[in-house]
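I have placed the structure first, in the form of structure tokens, so that the comments after it can refer back to it.
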2 protein chains.
Amino acid sequence: MDKKNYREKLISTATRLFAERGLNGVSIRELSTAAGVSISMISYYFEGKEGLYSSVLQEQFSCFEYMATIKERDSGPMDKIEEYIRWSIQRHRDYPFLLRYYTSELTNPTRYFSSIVRPTLEKALHILIDIIKTGIDEKLFRGGLNPEDTALAMAGMVNYYFLSTLATEEFINHSPERDEELIRHYMDIFTRGILS
Amino acid sequence: MDKKNYREKLISTATRLFAERGLNGVSIRELSTAAGVSISMISYYFEGKEGLYSSVLQEQFSCFEYMATIKERDSGPMDKIEEYIRWSIQRHRDYPFLLRYYTSELTNPTRYFSSIVRPTLEKALHILIDIIKTGIDEKLFRGGLNPEDTALAMAGMVNYYFLSTLATEEFINHSPERDEELIRHYMDIFTRGILS
DNA sequence: TACTATAAATCAAACGTTCGTTATGATGAT
DNA sequence: ATCATCATAACGAACGTTTGATTTATAGTA
């Protein structure tokens, strides 16, 4: 039989369950059963339950690094904007989990938030601003446009949709087709407001 | 001695503690001690812990009814927009709690979300849309403006700020002066994008 | 006013359950 | 021989709930 590594299995199961019900909403007994792994593996691979939670967190937020690469892509501002929206939507699949983190049940949530989440959100915003500035320079976007305002409105807009659909059937069951539909929807809004 | 009623004391304490650490992050022992009340009062006044949580929720969301009255106010669209922003900011003092609710630890969160939160958010959005439409009709706002897009961008924008400052010192310690500063800031952004 | 009976509000203690952790010994793969 | 994994059991701590007794408030009666 193949050598198994249940570390990943634990992480993926924990990601789903913690996203659904939070750190204190899931017992490690239920978690290990759902993962099909012995309960003692949690202490074996991680430093207990909070250690597992921290590992999940770290993995969740590492995905933001991809966002930073969009700026360097060899494509026009319009394509980059679309890429940002696409990335946002895929990221928002994990939104319940991220929201949980914002109001974390960890022993010292504020420190984590300040050191990871906040800079990440600000970085994302500045990348958007840069893309829009480039669009204005290249005279693709309206000259009168305020890059900071536009980026904020855009990031907020995408955000707001997910906040309002969170935890609904619509959110949980969104398909790739629905994703594309959403991307077109936001690109339409963006286009209406921004093209020169 | 006066007749006491610890119901309100329990609700106010629970509101603060649940906002900080969530339903499963606070034990009813700690909660009752913090309220200076016997633990059995929770089952006496509410139907257990979840009942108390539900009561807090209901009170939190009832504030949204005020939002609906803004539309009927006897003032211009610009004033109404400012009122909306002011209301949003004050509401966001309770943001950690509301966010918790979005990812609720209740037994059946989706039902609550669908029946309370979603309609509330949509109602708020439609009130904004109406205000903006009126502004366009009265030729105060740009004619080319898309009311739906603008309302969404605006609601999202205000939202995004709080998401990014949540759980930071900056958020927790914001003062009335800081509130006014924020209101002016958002009104500036709005004005730049919307006036005719 | 004073006494009493009833109901409401409050409490401390106990109950049974579940929690996260750790220890143990065994099994199969490398 | 080492490593990954298992099932199981045990542990003390913490959990939410319930019980039964006690205090307080209210109302009725004299």
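The figures here come from the full heavy-atom set of this structure, side chains too, leaving out hydrogens, waters and symmetry mates.
Residue Lys9(B) contributes atom NZ, which lies 13 Å from atom P of dC11(C) at whole-angstrom precision. Regarding Glu8(B), its CD atom lies at a distance of 15 Å from the C1' atom of dA9(C), rounded to whole Å. Rounded to a whole Å, the OH atom of Tyr6(A) is 14 Å from the P atom of dG28(C). One interatomic measurement links the two molecules: CG of Asn5(B) to P of dT10(C), which rounds to 6 Å at whole-angstrom precision. Residue Phe46(A) contributes atom CZ, which lies 13 Å from atom P of dA4(D) at whole-angstrom precision.
Rounded to the nearest 0.5 angstrom, Phe190(A) CZ and Met157(A) CE are separated by 8.5 Å.
A donor-acceptor distance shorter than 3.5 angstrom exists from the side chain of His126(A) to the backbone of Glu122(A), with no hydrogens or angles considered. In this structure, the side chain of Lys49(B) engages the main chain of Val26(B) through a donor-acceptor pair within 3.5 Å.
For Met41(A), the side-chain atoms get nearest to dC6(D) when compared with the rest of dA9(C), dC6(D), dC3(D).
Crowding of Glu180(A) atom CD: a count of heavy atoms from other residues, nucleotides or ligands under 6.0 Å exceeding 12.
Nucleic acid contact for Gly36(A): sugar-phosphate only, since backbone atoms but no base atoms lie under 4.0 Å from a heavy atom of the residue.
Applying the 4.0 Å criterion to OP1 and OP2 of dA4(D), one finds that Tyr44(A) has a side-chain N or O inside that range.
In terms of the side-chain contact (heavy atoms from CB on, under 4.5 Å) criterion, Glu47(A) has no residue partners (sequence neighbours excluded).
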>> For nucleotides 8-21 of chain D, give me one character per nucleotide, 5' to 3': B if any protein heavy atom sits under 4.0 Å from the base, S if the only such contacts are to the sugar-phosphate, - if neither.
In response: --B----BBBBB--
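Ring to ring, Phe18(B) and Tyr53(B) are close: their centroids are under 6.0 angstrom apart.
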